[in-house]
Peer 1: 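Here you go, one structure.
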Amino acid sequence: MSTSWTDTIVALATPPGIGAIGVIRMSGNQAISIIDNLFPGKSISSQAGNTLHVGLLKEGEKALDEVVVSVFKSPKSYTGEHVIEISCHGSSYVQQQIIEACIRQGARLAKPGEFTMRAFLNGKMDLVQAEAVADLIASETQSAKEAALHQVKGGFSHVLAQMREELIKFSALIELELDFSQEDVEFADRTSLAHLLQQIEITIHQLLESFKLGNVIKNGVSVAIIGKPNAGKSTLLNALLNENRAIVSSIAGTTRDTIEEVLNIDGILFRLIDTAGIREGADEIEAIGVERSLEKMRIADLVVYLFDVNTSSVEEIKGQRELLVSQGKQFLLVGNKIDSNNQAMLLQHQFGNDITLISAQEKTYIDVLKKLLAEKVISGVVTTEGTVVTNSRHYQSLHKVAENLLSIRKGMEERIPGDLLAIDIRQCLYHLGEITGAISNEDQLDFIFSKFCIGK
Ligand SMILES: Nc1nc2c(ncn2[C@@H]2O[C@H](COP(=O)(O)OP(=O)(O)OP(=O)(O)O)[C@@H](O)[C@H]2O)c(=O)[nH]1
Ligand SMILES: [Mg+2]
């Protein structure tokens with residue numbers, strides 16, 4: 001940001017529009033002198049930090065509103081600077097008047113994320129924490145909130161700091177060996193070096209792995225319900241949502257276009273997609289629907305292949321399973337209509353836990369299916385101290401760290417000189433530093449904070 005960091009900034013911190021109250025936030029050197037000019041009832045500059053004051057806000061003779069002024073004095077504030085928060089009545093007009101008065105007194109309008117950016121630059125939080133603030137504000141589910149809050153509180157930063165420490169320890173051992181290289185003794189024990197390296201690699205891989213879950217937590221997971229016409233896909237969508245969203249009929253080819261709805265299971269957001277039944281020889285419109293179904297299947301994170309247990313053969317289900325495996329898709333095979341069937345036991349015997357049996361119409365075992373969907377997403381994810389990587393910028397840097405670690409390991413195996421190893425270690429530390437912002441540049445910061453809302 002080219003604008004000066006010594007400016008005092010002001011912005012509405014609550015959503016624009018009418019509300020019970022609105023909060024206007026001001027940060028910077030002049031924040032207190034500005035409020036002193038607008039708050040005649042009391043001298044704010046002579047008040048202690050972390051205090052609240054009720055009174056009339058006035059510009060000259062003009063009363064603006066009756067407000068509560070919260071005072072935070074530097075460095076004990078969100079940004080680390082003097083911060084004033086004015087809680088006023090929630091009228092857009094009143095809020096606008098107050099902001100304009102602050103600007104006339106010497107403040108300027110804040111840019112998106114500028115408060116948080118100042119908090120970062122003043123060492124109140126690292127970049128990971130600052131970015132998690134934006135995620136926390138945007139979170140729509142319990143799991144998204146938890147992942148973001150964990151990062152805001154410094155969970156991820158702590159893991160990174162530990163790793164950094166380990167790396168430094170590692171590099172110290174290498175350098176020690178360098179000092180003794182003339183004497184043909186291996187001072188730094190190779191096995192303990194390798195062990196240390198391995199520990200760091202495990203952590204990095206866990207973090208990289210957790211991004212799969214992190215991505216799901218942040219963006220939701222798309223589930224395509226695929227199958228032949230009349231399998232009961234639309235009935236299943238309705239059962240999962242517990243409402244009559246999609247049209248159900250006994251006519252094959254009822255659903256012609258895809259229908260998408262969101263469902264929250266155990267704090268994970270699922271985007272369910274009901275599709276047109278897949279069959280040969282459909283009419284023109286249905287054929288377009290079938291094409292769309294296949295496309296949805298290709299792009300979905302997870303496929304539910306639904307089949308009618310009355311009419312599906314073992315071969316057909318096996319064929320479907322092979323197809324899905326060959327496509328490398330995550331999938332669930334689900335047999336429907338067990339309420340009207342005599343073949344279900346046979347299929348269960350044949351496929352065991354590979355298939356899940358339900359009745360969409362009678363809503364039997366829908367809970368089991370929901371549980372399986374959630375498990376499918378969470379399974380196999382091991383987290384490091386509960387940290388889930390949710391940010392693709394962090395993911396990319398972690399990837400570079402992993403690459404550096406690999407070349408360190410190779411170098412050790414090939415017994416390359418210690419000073420060459422040290423170069424890779426420095427690279428590693430550099431990429432770790434990128435994540436927390438220990439290493440950052442202005443363009444990068446501008447980009448990150450521009451995605452925030454104004455007032456944060
Ligand atoms: N007995 C029984 N009938 C079901 C069940 N689920 C769906 N049906 C019936 O099967 C027929 C087809 O259901 P839909 O949900 O429209 O099937 P679909 O897979 O969406 O079909 P298309 O949209 O044509 O591809 C309807 O008559 C449903 O009432 C079930 O669990 N048991
Ligand atoms: Mg349908």
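Quick caveat, the model's predicted, so the values are computed rather than measured. Order of listing sets the numbers, starting from 1, for every ligand and every atom in it.
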Peer 1: Specify the protein heavy atom at minimum distance from atom 6 (N) of ligand 1: its residue, its atom name, and the distance to 0.1 Å.
Peer 2: Asn336 ND2, 3.2 Å
Peer 1: Look only at interatomic distance and state if Thr254 has a nitrogen or oxygen under 3.5 Å from any nitrogen or oxygen of ligand 1.
Peer 2: yes
Peer 1: Among residues at least two apart in sequence or on other chains, which ones pass ring-ring contact (aromatic ring centres under 6.0 Å, His included) with His82?
Peer 2: none
Peer 1: Please work out whether any backbone atom (N, CA, C, O) or any side-chain heavy atom from C-beta onward of Ser340 is under 4.0 Å from ligand 1, and answer side chain, backbone, both or neither.
Peer 2: side chain
Peer 1: Within a 6.0 Å radius of atom OH on Tyr430, are there more than 12 heavy atoms belonging to other residues, nucleotides or ligands?
Peer 2: no
Peer 1: Which one holds for Asp339 and ligand 1: side chain close, backbone close, both close, or neither close, with close meaning a heavy atom under 4.0 Å?
Peer 2: side chain
Peer 1: Just wondering, is there an N, O or S atom on Thr254 that's nearer than 2.8 Å to the Mg ion (ligand 2)?
Peer 2: no
Peer 1: By the definition side chain to side chain contact (heavy atoms under 4.5 Å, CB included), identify the one residue from Leu272, Leu241, Val304, Asn336 that meets it with Leu236.
Peer 2: Val304
Peer 1: Of the protein's non-hydrogen atoms, which lies at the shortest distance from atom 28 (C) of ligand 1, and what is that distance?
Peer 2: Val248 CG1, 3.6 Å
Peer 1: I need the nearest protein heavy-atom contact for atom 21 (O) of ligand 1: residue, atom name and distance, please.
Peer 2: Asn230 N, 3.0 Å
Peer 1: Return the residue, atom name and 0.1 Å-rounded distance of the protein heavy atom closest to atom 29 (O) of ligand 1.
Peer 2: Gln361 OE1, 3.1 Å
Peer 1: Quick one: do Asp135 and Lys218 make a salt bridge, cutoff under 4.0 Å?
Peer 2: yes
Peer 1: Counting only heavy atoms, tell me which of Arg279, Lys337, Lys233, Glu286 gets closest to atom 9 (C) of ligand 1.
Peer 2: Lys337
Peer 1: Which atoms of ligand 1 are found less than 4.0 Å from any heavy atom of Ser359?
Peer 2: 30 (C), 31 (O)
Peer 1: Out of Ala239, Pro229, Gly253, Ser249, who gets a non-hydrogen atom closest to atom 26 (C) of ligand 1?
Peer 2: Ser249
Peer 1: Can Arg256 and Asp283 be counted as an ion pair, charged N to O under 4.0 angstrom?
Peer 2: yes
Peer 1: Check Glu295 with Arg298, please: is the shortest side-chain N to carboxylate O separation under 4.0 Å?
Peer 2: yes
Peer 1: Determine whether any heavy atom of Ala231 lies closer than 4.0 Å to an atom of ligand 1.
Peer 2: yes
Peer 1: What do you reckon, does Ser234 have a nitrogen or oxygen under 3.5 Å from a nitrogen or oxygen of ligand 1?
Peer 2: yes
Peer 1: Thinking salt bridges, do Arg118 and Glu114 make one under a 4.0 Å N-O criterion?
Peer 2: yes
Peer 1: Quick one, Phe351 and Arg321 - any side-chain contact, counting heavy atoms below 4.5 Å?
Peer 2: yes
Peer 1: Can you find an N or O of Glu362 that's nearer than 3.5 Å to an N or O of ligand 1?
Peer 2: no
Peer 1: For ligand 1, find out whether one of its N or O atoms is nearer than 3.5 Å to an N or O atom of Ala252.
Peer 2: no
Peer 1: Determine the sole option in Asn244, Thr275, Asp274 for which the side-chain hydrogen bond (donor to acceptor under 3.5 Å, both in side chains) test with Ser234 is passed.
Peer 2: Asp274
Peer 1: Could you check atom 13 (O) of ligand 1 against the protein and tell me its nearest heavy-atom contact, residue, atom and distance included?
Peer 2: Thr235 OG1, 3.5 Å
Peer 1: Is Ser234 close enough to the Mg ion (ligand 2) that one of its N, O or S atoms comes in under 2.8 Å?
Peer 2: yes
Peer 1: Using 0.5 Å steps for rounding, measure from the CD atom of Glu81 to the CG atom of Asp7.
Peer 2: 10.0 Å
Peer 1: Centre of Tyr78's six-membered ring, under 6.0 Å away, within 45 degrees of the axis: is that where NZ or CZ of Arg25 sits?
Peer 2: yes
Peer 1: Give a yes/no verdict on whether any heavy atom in Ile251 is under 4.0 Å from an atom of ligand 1.
Peer 2: yes
Peer 1: Can you tell me how far apart CD1 (Ile408) and CD1 (Ile200) are? Round to the nearest 0.5 Å.
Peer 2: 7.5 Å
Peer 1: Could an N or O of ligand 1 be found under 3.5 Å from any N or O of Gly277, whether backbone or side chain?
Peer 2: yes
